[in-house]
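Please read the structure below before turning to the comments.
On a predicted model such as this, the values are computed, not experimentally measured, just so you know.
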Amino acid sequence: MSHQRHLQLLRFFNSNLYGKRPWCTTVPSGFPVAHCTSNLSAGSRLQELKEVNLDACKMGSLATFLVISSLAYFVSGTELKFKLHRKEGTFKPVTFPTVRRSASLTFKNLRNEEYWASLTIGTPPQKFEAMFDTGSHLLWVPNRNCSNCYHKNMFDESKSSSYVDLNRSISIDYAIGYMRGRCGKDVVNIAGIEVKDQEMATALEGAFQENLFDGIVGLSFSPNRPDVLTSVLENFLSQKLLKRNVMSFYMNRKGDPKDGGEFVLGGWNKNLFDPEKIEYIQTESYDWGIKIESMYFGKEKGYCNNCYAIADTGSTMITGPINEMMIYINKLNAEELEDGYHFVKCDRVDSLPDWTIMISGKRFTLKPWDYTFTNSSHPGYCMLGFTGNYETDWVLGTMFLSNYYTVFDIEKRRVAFAPLKVDKRNY
């Protein structure tokens with residue numbers, strides 16, 4: 001048998017049989033049956049060999065087959081040709097349990113105000129930049145037919161073989177911005193963790209043109225209403241995807257556009273905090289809401305007593321009811337240089353009071369430089385991380401969260417703000 005013919009026979013054998021059954025054991029009766037035809041040396045007649053059941057032959061491995069074919073050649077000068085046929089029979093495919101994983105993404109950073117990372121959607125995958133937002137539940141990206149999504153990555157559902165149209169429209173309003181679109185579901189991949197049949201929206205119009213990201217990955221739970229799309233958090237749990245049913249955020253303040261911190265799914269980064277000292281706070285709703293027992297500006301107690309607050313990675317500011325918030329902003333002698341945003345001279349920041357909140361009997365304190373940041377549009381001024389809203393709830397945005405390593409326990413619906421081991425302005 002020539003070397004080339006030997007390789008051809010080996011490739012045929014591997015591609016048709018190897019891997020269909022474990023050849024290190026006896027082949028079950030009724031599985032492959034070989035019809036063997038021998039082509040003898042010159043001057044010999046063609047012989048038809050009888051049908052040979054591989055079970056009877058005891059051909060339990062690929063090695064056995066190669067040894068027999070090699071001996072036949074060396075003894076008789078015969079080249080063996082095999083016509084392989086599959087008999088009808090029962091064959092159960094091998095199934096494997098889901099491998100639970102942990103993975104991380106590096107955040108991009110815009111002026112320490114916005115943090116986002118990448119994900120893919122569809123088959124084959126289409127890439128998007130998205131804000132990972134614990135203040136909302138919906139996953140959405142721009143649609144290819146979006147009327148005002150300029151300079152954005154847009155989802156083309158016609159190019160995804162796994163996309164399913166849900167034949168529904170959707171409209172959502174955020175504190176800043178809005179989105180109008182339609183609903184579907186597709187496979188979503190975040191840091192290599194694949195979520196199947198994820199319900200989502202694709203935007204036909206919206207007001208997020210000034211943001212550098214394309215869309216939003218909502219990371220709160222779905223509100224308990226029948227018309228609401230399923231959050232990715234529910235699928236993390238139901239599809240058993242994560243090594244630990246937690247997600248962790250570290251958002252630094254060093255201002256590096258390409259390194260704004262990290263998002264960890266299924267675990268945490270123990271180099272950034274001490275997991276042994278973590279203290280969870282039980283949340284009170286689907287949206288990572290917690291109770292603030294009291295609030296202080298310096299030694300002065302604030303109006304917030306047992307007030308409700310949301311741990312929101314999709315918001316920049318610390319916001320509260322405008323009437324209460326403006327009392328403290330005015331006491332800081334801040335100037336409203338932009339609509340709704342207040343500034344102080346940067347050389348005054350050291351003289352500002354600490355800001356403290358009490359949660360579950362524990363104090364969480366921000367120093368003046370922790371709740372202000374410089375703004376290039378107003379040289380010499382630093383912007384306060386506080387602003388008012390016209391609702392009754394408080395929001396702890398990234399101005400607060402970036403001072404801690406924040407862990408969200410998806411399974412038990414609780415959150416922890418852990419002290420950092422590193423300097424958020426340099427690491």
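- Side chain to side chain, Glu300 and Tyr328 fail the donor-acceptor criterion of an N or O pair below 3.5 Å.
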Would you give me the side-chain donor-acceptor pairs under 3.5 Å for residues 122-133, sequence neighbours excluded?
| from | atom 1 | to | atom 2 | distance (Å) |
| --- | --- | --- | --- | --- |
| Thr123 | OG1 | Ser162 | OG | 2.7 |
| Gln126 | OE1 | Asp156 | N | 3.0 |
| Gln126 | NE2 | Asp156 | O | 3.0 |
| Glu129 | OE1 | Lys108 | NZ | 3.1 |
| Asp133 | OD1 | Gly135 | N | 2.8 |
| Asp133 | OD1 | Gly314 | N | 3.2 |
| Asp133 | OD2 | Ser136 | OG | 2.7 |

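- To the nearest 0.5 Å, the span separating CG on Asp274 from CG on Leu420 amounts to 12.0 Å.
- Within 6.0 Å of NZ in Lys362 there are more than 12 heavy atoms belonging to other residues, nucleotides or ligands.
- Between the Gln239 side chain and the Phe236 main chain, no donor and acceptor come within less than 3.5 Å of each other.
- Here the OH-CG distance, from Tyr405 to Asn271, works out to 9.5 Å after rounding to the nearest 0.5 Å.
- The distance from atom NZ of Lys291 to atom CE of Met358, rounded to the nearest 0.5 Å, is 12.0 Å.
- Counting heavy-atom neighbours within 6.0 Å of Tyr341 OH, excluding the residue itself, gives a total of 12 or less.
- Using a 4.0 Å cut-off between charged side-chain N and carboxylate O, Asp214 and Lys152 make no salt bridge.
- Residues Asp173 and Arg180 are paired through a salt bridge, judged by an N-O separation under 4.0 Å between the basic side chain and the carboxylate.
- Note that CG of Leu384 is 10.5 Å distant from CD of Glu335, once rounded to the nearest 0.5 Å.
- Within the 4.5 Å cutoff, the side chain of Asn333 has heavy atoms near those of the Arg348 side chain.
- Lys424 NZ to Ser402 OG: the interatomic distance, rounded to the nearest 0.5 Å, is 6.5 Å.
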- [ ] Would you please test Met295 and Tyr303 for side-chain contact (heavy atoms from CB on, under 4.5 Å) and show each step?
- [x] CA-CA 7 Å; Met295 182 182 298; Tyr303 288 100; over 6 Å; no
- [ ] Begin with the C-alpha distance, continue with both residues' side-chain angles, and end with the deciding distance and a verdict on side-chain contact (heavy atoms from CB on, under 4.5 Å) for Trp116 and Leu212.
- [x] CA-CA 9 Å; Trp116 69 96; Leu212 298 182; 3.7 Å; yes
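- In this structure, Glu391 places its CD atom where only 12 or fewer heavy-atom neighbours from other residues, nucleotides or ligands lie under 6.0 Å away.
- You'll find the ring centres of Phe400 and Phe417 inside the 6.0 Å limit.
- Surrounding NZ of Lys421 are more than 12 heavy atoms belonging to other residues, nucleotides or ligands, all under 6.0 Å away.
- Ring centers of Tyr371 and Phe386: under 6.0 Å apart, within the cut-off.
- Between Phe221 and Trp288, the distance from one ring center to the other falls under 6.0 angstrom.
- Open room surrounds CG on Asn224; 12 or fewer heavy atoms of other groups in view lie less than 6.0 Å from it.
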Open item on the list: Does Phe249 form a ring pair (Phe, Tyr, Trp, His ring centres under 6.0 Å) with Tyr115? I'd like the steps, not just the answer.
Closed with: CA-CA 10 Å; Phe249 286 79; Tyr115 300 83; 9.6 Å; no
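- Using a cutoff of 4.0 Å between basic side-chain nitrogens and carboxylate oxygens, Glu157 and Arg182 are scored as salt-bridged.
- The CD1 atom of Ile170 lies 4.5 Å from the CG atom of Leu138; values are rounded to the nearest 0.5 Å.
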Let me have the donor-acceptor pairs involving side chains of residues 190-197, under 3.5 Å, with sequence neighbours excluded, atom names and distances please.
| from | atom 1 | to | atom 2 | distance (Å) |
| --- | --- | --- | --- | --- |
| Glu194 | OE2 | Lys196 | NZ | 2.8 |

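- Not less than 6.0 angstrom separates the ring centroid of Phe263 from the ring centroid of Tyr250.
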TODO: Start with the C-alpha gap between Asn235 and Gln198, add the side-chain angles, then the distance that decides, and say whether side-chain hydrogen bond (donor to acceptor under 3.5 Å, both in side chains) holds.
DONE: CA-CA 7 Å; Asn235 282 332; Gln198 176 60 49; 2.7 Å; yes
Task: Pair Arg244-Trp268, side-chain contact (heavy atoms from CB on, under 4.5 Å): steps then yes or no - done: CA-CA 9 Å; Arg244 290 189 181 99; Trp268 48 62; 4.0 Å; yes
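- The list of ring-ring contact (aromatic ring centres under 6.0 Å, His included) pairs with a residue in residues 186-216, not counting sequence neighbours, reads Trp140-Phe208, Tyr174-Phe208.
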